[in-house]
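Letters A, B, ... mirror the listed sequences (proteins, then strands); counts begin at 1.
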There are 2 protein chains.
Amino acid sequence: MPHCHTIIQTLHNLGFRMTPQREMIIEAIAHAEGHITAEEIYDLVKERTRAVNVATVYRTLDLLVEKGLASRADLWDGRVVYATSQHGSHIHLVCRQCGDIFNADHMLVESLGDLLQTNYGFSADLQHFSIIGLCAHCRAEQEQGSINKGG
Amino acid sequence: MPHCHTIIQTLHNLGFRMTPQREMIIEAIAHAEGHITAEEIYDLVKERTRAVNVATVYRTLDLLVEKGLASRADLWDGRVVYATSQHGSHIHLVCRQCGDIFNADHMLVESLGDLLQTNYGFSADLQHFSIIGLCAHCRAEQEQGSINKGG
DNA sequence: CTCCTTGCAAAGCCTTTGCACGCTG
DNA sequence: CAGCGTGCAAAGGCTTTGCAAGGAG
């Protein structure tokens with residue numbers, strides 16, 4: 001995946017030094033399917049080397065977010081996830097049952113943004129935000145369960 | 001406001017004991033305009049009596065949420081706010097500049113819910129959730145500032 | 001009288017910070 | 001060589017927990 005190279009290059013061009021730690025952290029987040037926690041990144045990097053520290057992960061993530069190369073989203077339960085900006089604007093649909101995260105696409109983001117702007121004059125940051133609920137799968141399971149109980 | 005009595009009554013009917021602490025905590029959250037932090041509740045109750053502890057506030061809030069009498073929402077910045085269920089479904093619009101919280105009304109909640117259900121089969125819990133962005137006021141200020149800078 | 005609730009303080013979780021050393025450029 | 005970036009460990013904020021005493025029913 002060449003995407004991480006773009007990020008590394010960009011940081012470099014901004015005058016930041018490129019260390020093995022930063023490279024590996026960037027690769028970890030860039031390779032993630034879209035959202036990943038700080039701890040997951042730390043674990044991924046630790047698999048490759050011992051020369052990394054949680055503090056460095058947090059510092060690098062802060063840097064990426066600050067430079068707009070990644071974004072962070074606070075899930076409803078206190079979890080915080082990161083994603084590279086390549087993934088574009090999307091909304092996290094977080095299932096309260098299985099904990100899975102689904103992405104709602106750009107169209108929805110835009111229509112919601114327009115609605116808020118028109119009705120409330122509110123300029124929403126919808127890059128990465130999350131809605132809690134029940135995914136189709138868990139919803140079906142739950143109904144299945146109540147049918148079994150009921151009958 | 002008789003609303004708090006309903007909550008107190010409901011808890012009582014569920015077999016929970018009614019203590020002065022619980023009453024005052026419930027009154028505090030019920031009298032809030034819609035969203036209030038655990039700390040704010042604690043402060044409000046402390047104004048009325050010394051006989052209260054943060055732990056009790058947290059325990060009571062957990063109880064209320066568990067019984068569906070109140071709901072909690074995690075704001076984008078780690079803040080957690082509570083509201084009684086009387087306030088109905090609404091969306092918190094949180095301004096990242098001034099930190100203020102605005103409520104978007106029911107109509108918006110429903111249309112968003114329908115959209116997610118139709119397109120993703122996702123049953124969203126939209127009772128109390130939050131969107132970060134810039135309120136009209138801060139947006140105007142920001143533009144004002146850039147105009148002054150620019151000219 | 002029973003045992004649910006409380007207060008207290010300590011622990012817990014995740015994240016941030018200060019400092020000296022090491023490495024990038 | 002200059003100074004940014006790192007590891008380490010301790011601190012930090014908010015929330016939860018264990019335990020004994022107290023109060024509701």
Give a yes/no answer on whether the side chain of A:Thr19 brings an N or O atom under 4.0 Å of OP1 or OP2 in D:dT6.
yes

Any ion pair linking B:Asp62 and B:Arg59 (charged N to carboxylate O, less than 4.0 Å)?
no

Please set out all donor-acceptor pairs under 3.5 angstrom arising from side-chain atoms of residues 7-17 of chain B, sequence neighbours excluded.
from: B:Gln9; atom 1: NE2; to: B:Asn13; atom 2: OD1; distance (Å): 3.3
from: B:Thr10; atom 1: OG1; to: B:Thr6; atom 2: O; distance (Å): 2.7
from: B:Asn13; atom 1: ND2; to: B:Gln9; atom 2: O; distance (Å): 3.4

Check the pair A:Val94, A:Ile131 against side chain to side chain contact (heavy atoms under 4.5 Å, CB included), reporting the backbone distance first and the verdict last.
CA-CA 6 Å; A:Val94 185; A:Ile131 299 177; over 6 Å; no

Output the residues of residues 35-42 of chain B in contact with DNA chain D, where contact means a heavy atom of the residue under 4.0 Å from an atom of the strand; sort by number or write none.
none

What is the per-nucleotide protein-contact pattern of nucleotides 16-22 of chain C, from the 5' end, where B denotes a base atom under 4.0 Å from a protein heavy atom, S denotes such proximity for sugar-phosphate atoms only, and - denotes neither?
BBB----

For B:Ile26 and C:dT5, give me the distance from atom CD1 to atom P, rounded to whole Å.
11 Å

Nearest-Å distance for atom pair CD/P, residues B:Gln21 and C:dC8
11 Å

As an exercise, state the distance from CG of B:Asp114 to CD of B:Gln117, rounded to the nearest 0.5 Å.
8.5 Å

Rounded off to whole Å, could you give me the CG-to-P distance for the B:Leu61 and C:dT6 pair?
12 Å

Value rounded to 0.5 Å, distance of CD1 in B:Ile29 from OH in B:Tyr82:
8.5 Å

Using atom CZ of B:Arg22 as one end and atom C1' of D:dA24 as the other, report the distance to the nearest whole Å.
10 Å

Just to verify, which of A:Leu64, A:Leu63, A:Thr56, A:Val57 counts as forming a side-chain contact (heavy atoms from CB on, under 4.5 Å) with A:Arg22?
A:Leu63

Please report, rounded to the nearest Å, how far the P atom of C:dT6 is from the CE atom of B:Met24.
10 Å

Stepwise side-chain hydrogen bond (donor to acceptor under 3.5 Å, both in side chains) check, A:Gln21 with A:Thr60:
CA-CA 9 Å; A:Gln21 288 87 342; A:Thr60 303; over 6 Å; no

Determine, using the 4.5 Å side-chain heavy-atom cutoff (strictly less than), whether B:Val52 and B:Ile36 are members of one ILVMFWY cluster.
yes

In whole angstroms, the gap separating C1' of D:dG5 from NZ of A:Lys67 amounts to 15 Å

Please determine whether residues A:Tyr120 and A:Leu108 belong to a single hydrophobic cluster, defined as Ile, Leu, Val, Met, Phe, Trp and Tyr linked transitively by side-chain heavy-atom distances below 4.5 Å.
yes

May I have the distance from B:Arg50 (atom CZ) to C:dT6 (atom P), rounded to whole angstrom?
18 Å

Side-chain N or O of B:His12 less than 4.0 angstrom from OP1 or OP2 on D:dG25?
yes

Give the rounded distance in Å between these two atoms: CG of A:Leu63 and P of D:dT6.
9 Å

